[in-house]
J.: 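Can you read through this structure? Questions will come right after.
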Amino acid sequence: MQQSARRHVSLSLPVKFRSNVRYLGSLLGLVLREQGGLAFYRREEQIRRMAIRLRSEVPLRLSELFDLVEPLDQATAFQSVRAFGLYFHLVNLAEQQHRLRVIRSAESRVPRHPFPESIAHALHLLRERGVQREALLDLLGQLQVWPVFTAHPTESRPRSVLDHLRRIDSLLARTESLDLRLSERREIEDALREEITLLWQTEEVRPTAPSPLDEARSILDTFLESVYQTAPQLHRDLLAALSTSFPGEESPIRPFLRFSSWTGGDRDGNPNVTPEVTEAALRMHRDLILERYLTEVLEVAERFTQSTERVGVSVELRASLEADAGELPDMVAAVRERHPGEVYRQKLEVMGERLRRARLPSSAPEERVGGYLFPDQFRRDLEVVSQSLDRHQGAILADGLIGDLLLRLKVFGFHLATVEVRQHSSRHTAALAELLEKRGEPGYEAMAEADRQSTLSRWLVQEKALLSPDLELSERTWEVVSTFFSLARMQRELGRDACDSYIISMAAFPSHILEVMLLAKEAGLFRRGPDGKVESDLRVIPIFEQITELRQAGETLNATLELPIYRECVESWGNEQQVMLGYSDSNKDGGFVAANVELFRAHRDLAAVCRRQGVRLLMFHGRGGAIGRGGGNMGKAILSQPPDTLHGRLKSTEQGQIVFQRYGTPDIAHRHLEQVTSALIRASLDPVVGEAQEAAESAWEEVMDALAKESLLAYRELVFETPGFDDFFWQATPVDEIGLLPIASRPMFRSGARSIEQLRAIPWMFAWHQIRCNLPGWYGLGAALTASIRAGQMETLRTMYRKWLFFQSLIDNAQISMGIATLEVTRLYAGLVEDADLSERIMGMIEAEYRRAVEGVLAVTGQERLLDRMPVLQSSIAMRNPYLDPLHCLQVSTLRRWRRGCPLGADEQQEWCNAALTTILHTINAIAAGVQITG
Ligand code: PGA
């Protein structure tokens with residue numbers, strides 16, 4: 001069915017997008033001819049044409065293509081992989097340009113209705129649907145959009161490649177201008193060819209794995225560049241939308257963006273993240289943001305040439321400059337001499353000097369004198385300038401240049417993004433067991449949960465410390481313990497916001513939370529203040545990320561909140577509890593449908609517990625990237641959350657590999673963040689959305705239950721109960737080779753053992769995407785829908801799809817995963833499995849389940865083909881497929897050779913192995929670029 005569907009997909013891609021793809025493709029063709037020679041270029045064309053023809057035929061006979069590429073010598077195969085990979089980088093740019101073009105052109109006209117998914121659009125809808133201004137202001141008072149950048153998997157392309165892509169992107173944008181002279185057009189074309197040539201000649205796979213600090217640097221560079229620019233604009237968008245749709249008395253809206261990063265802080269299964277690394281990451285954050293402020297302040301100083309002959313200056317500003325003269329006499333004398341009568345400029349230059357001094361290392365305390373130690377000092381100076389402008393014909397400048405700086409300071413502080421620390425619960429348990437044993441209380445690990453809780457509570461309430469200088473600790477325990485001391489030190493040096501969050505992976509019991517509190521207490525991060533109240537400098541955030549733990553999440557949190565000592569702790573955090581939901585590991589544990597259902601329920605349960613307990617919940621979604629990891633359309637994901645759970649607040653991960661895609665330029669970052677904000681506002685207040693978030697009938701919940709159960713059974717039967725499944729997975733996918741790709745600072749397995757259980761969720765998913773099976777994004781849905789349809793629930797399923805956002809987004813996400821899958825390609829990879837019977841058996845199970853899932857989805861959605869409701873995506877996949885097929889054939893043939901081992905003598909072995917592996921690693925990158933998914 002999929003095959004006949006495939007033939008009829010017509011490319012409904014916008015004309016301009018297609019013509020840009022063709023344009024870039026033809027430039028690439030020229031470069032390939034120049035660089036690889038005519039024979040190579042002709043071979044490429046032959047492969048390309050055959051692949052296009054094969055995709056238009058039914059059935060898809062990949063063996064023909066495979067036979068064409070298999071005999072290619074190593075060097076030609078490698079060049080071929082690079083050529084197709086480069087093509088995808090260019091297509092991805094053209095696609096991004098297209099998105100922005102649509103937005104720009106819509107926003108350049110006076111709108112009858114604001115552009116969909118913008119902040120203005122959300123407020124416009126709220127007004128039309130009768131939401132009251134007070135209710136909106138109430139929500140805006142709490143609004144919080146909080147992206148958290150995680151490292152894994154890291155952006156695989158080195159910075160040099162990203163820089164070339166950025167330049168191509170801006171050249172392509174210039175071609176859009178209507179009034180270009182012919183000579184200018186030619187110049188742009190030449191520049192594009194130059195950039196494509198440079199890309200062709202640039203190393204695309206990093207030579208070595210990044211260190212955690214490289215990861216931090218690469219993420220910060222990308223996001224800082226764009227978000228620094230766009231944060232004030234988003235704030236202004238909100239203010240403008242408010243005054244258009246809800247005019248009334250002006251009311252101050254506080255900045256709603258906040259950022260965190262896990263790079264350099266996440267040590268769960270990553271031995272390379274040590275306390276020293278976290279400290280270095282924190283200092284890097286501070287340095288980067290101070291550098292930004294410094295540049296901006298000096299730029300503003302250059303422009304603030306207002307003369308006191310023309311405009312007045314406030315008494316406070318003059319007094320503050322006098323105070324500066326007390327502390328930095330030479331500096332103030334110099335600026336007065338350089339810019340007589342230009343008081344604003346004088347002040348800003350002095351502020352620049354204070355920022356410059358703040359950046360100096362703390363090891364040079366004398367030179368740092370006069371530097372801003374904390375953001376508040378900088379803020380006060382900015383406010384003095386702003387008020388003076390305001391009162392002296394400079395309101396526009398106070399709002400504009402200085403207003404932007406003030407807003408940025410509120411968003412980024414001096415820490416830029418909070419560095420969050422994460423560790424696995426078992427590491428805390430083991431560390432405490434050792435500490436307690438050394439204190440004469442053995443057997444902690446063997447204790448029942450209730451005993452663990454009372455032991456921990458006893459130590460938490462007493463003043464006596466568990467640690468003492470004479471205790472000799474194992475290295476593993478010391479590492480856990482010293483992290484807390486390092487955090488305490490860093491908070492003292494850089495302020496609490498720099499590192500105030502501690503996340504516990506695989507949390508399952510209240511004791512897992514108490515353990516972290518006790519370790520925090522040892523480092524002074526948790527204590528009783530002089531008034532007897534608990535003061536806690538570290539927010540403890542559990543992650544629930546497996547099916548059983550998700551089912552019990554509400555109960556676990558409830559039991560924890562019932563503990564008086566913990567409750568006091570939550571009060572010290574402003575009565576707010578953050579809880580994280582882990583999408584990837586729950587999917588790996590229970591498959592797509594069961595994980596989604598349990599995550600939805602857990603969210604609802606946790607919200608209910610917090611309501612009952614009078615605690616504000618901030619839900620932290622560990623999702624993004626591939627569909628199996630909770631990726632997909634973020635706006636839809638937000639809208640489909642359970643009702644009455646968000647209250648305008650959302651914390652959510654942004655995984656390393658999509659940072660460029662979502663934050664690559666200020667325009668892209670702006671669009672992404674406005675979509676998130678708009679969806680969040682609507683999900684919290686739009687009555688139409690509210691209705692669709694709720695399962696309208698309790699029968700739907702029962703249907704969902706049954707679907708989750710069937711799907712769980714089918715998934716676990718395949719993955720954990722089918723003999724030989726492990727062998728199939730290790731052999732049919734390039735998972736081991738993914739492990740050799742230098743893209744992440746951490747090992748692929750959580751602990752040493754090579755097993756599916758210990759394999760991290762990201763490489764697990766990455767491997768399935770490479771072979772175009774995408775199993776984590778749909779497997780189990782077929783069995784579930786078939787059983788439900790057999791039980792006579794077809795009409796109910798159809799109504800659920802039409803009316804219940806959660807169910808609609810579940811089905812649509814699955815159909816995206818299935819639409820990107822091509823099981824004929826997966827079959828090619830199955831040929832790598834040594835035991836042909838095993839391979840046939842497992843492929844048979846996967847194909848049968850896929851057929852069931854396609855039939856079920858088509859029946860429920862009423863479509864003829866998958867993705868009919870998403871024609872642009874459908875066409876984009878159809879356009880990409882013929883260029884992906886040769887890459888798969890090349891990957892399979894090289895994998896086979898590589899795994900068989902070098903056929904040459906000892907002398908040539910090393911070179912042969914390097915070349916084969918390099919080709920494989922490039923195929924992995926190229927396929928990931930083609931399907932736009934890594935793990
Ligand atoms: P983890 O990440 O393996 O670091 O928990 C999973 C994910 O980011 O999807």
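Numbering of ligands and ligand atoms starts at 1, following listing order.
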J.: Do the non-hydrogen side-chain atoms of Val593 and Trp778 ever get within less than 4.5 Å of each other?
T.: no

J.: Which residue pairs pass the side-chain hydrogen bond (donor to acceptor under 3.5 Å, both in side chains) test with at least one member in residues 543-552, sequence neighbours excluded?
T.: Arg551-Glu598

J.: Using a strict 4.0 Å threshold on nitrogen-to-oxygen distance, state whether Glu479 and Arg267 make a salt bridge.
T.: no

J.: Evaluate Arg750 against Gln758 for side chain to side chain contact (heavy atoms under 4.5 Å, CB included), listing each step before the verdict.
T.: CA-CA 5 Å; Arg750 238 184 176 122; Gln758 289 302 327; 3.5 Å; yes

J.: Among pairs that include at least one residue of residues 731-740, which meet side-chain hydrogen bond (donor to acceptor under 3.5 Å, both in side chains), considering only residues two or more places apart or in two chains?
T.: Asp736-Arg754, Glu737-Trp898, Glu737-Arg899

J.: Only distances under 3.5 Å count here; give the side-chain donor-acceptor pairs of residues 631-638 to other protein atoms, sequence neighbours excluded, each with its distance to 0.1 Å.
T.:
residue	atom	partner	partner atom	Å
Asn633	OD1	Gly635	N	2.8
Asn633	OD1	Lys636	N	2.9

J.: Show the protein residues that qualify under the rule heavy atom under 4.0 Å from an atom of ligand 1, listing them in chain and number order.
T.: Arg422, Ser584, Asp585, Arg629, Gln655, Arg746, Arg750, Arg760, Ile762

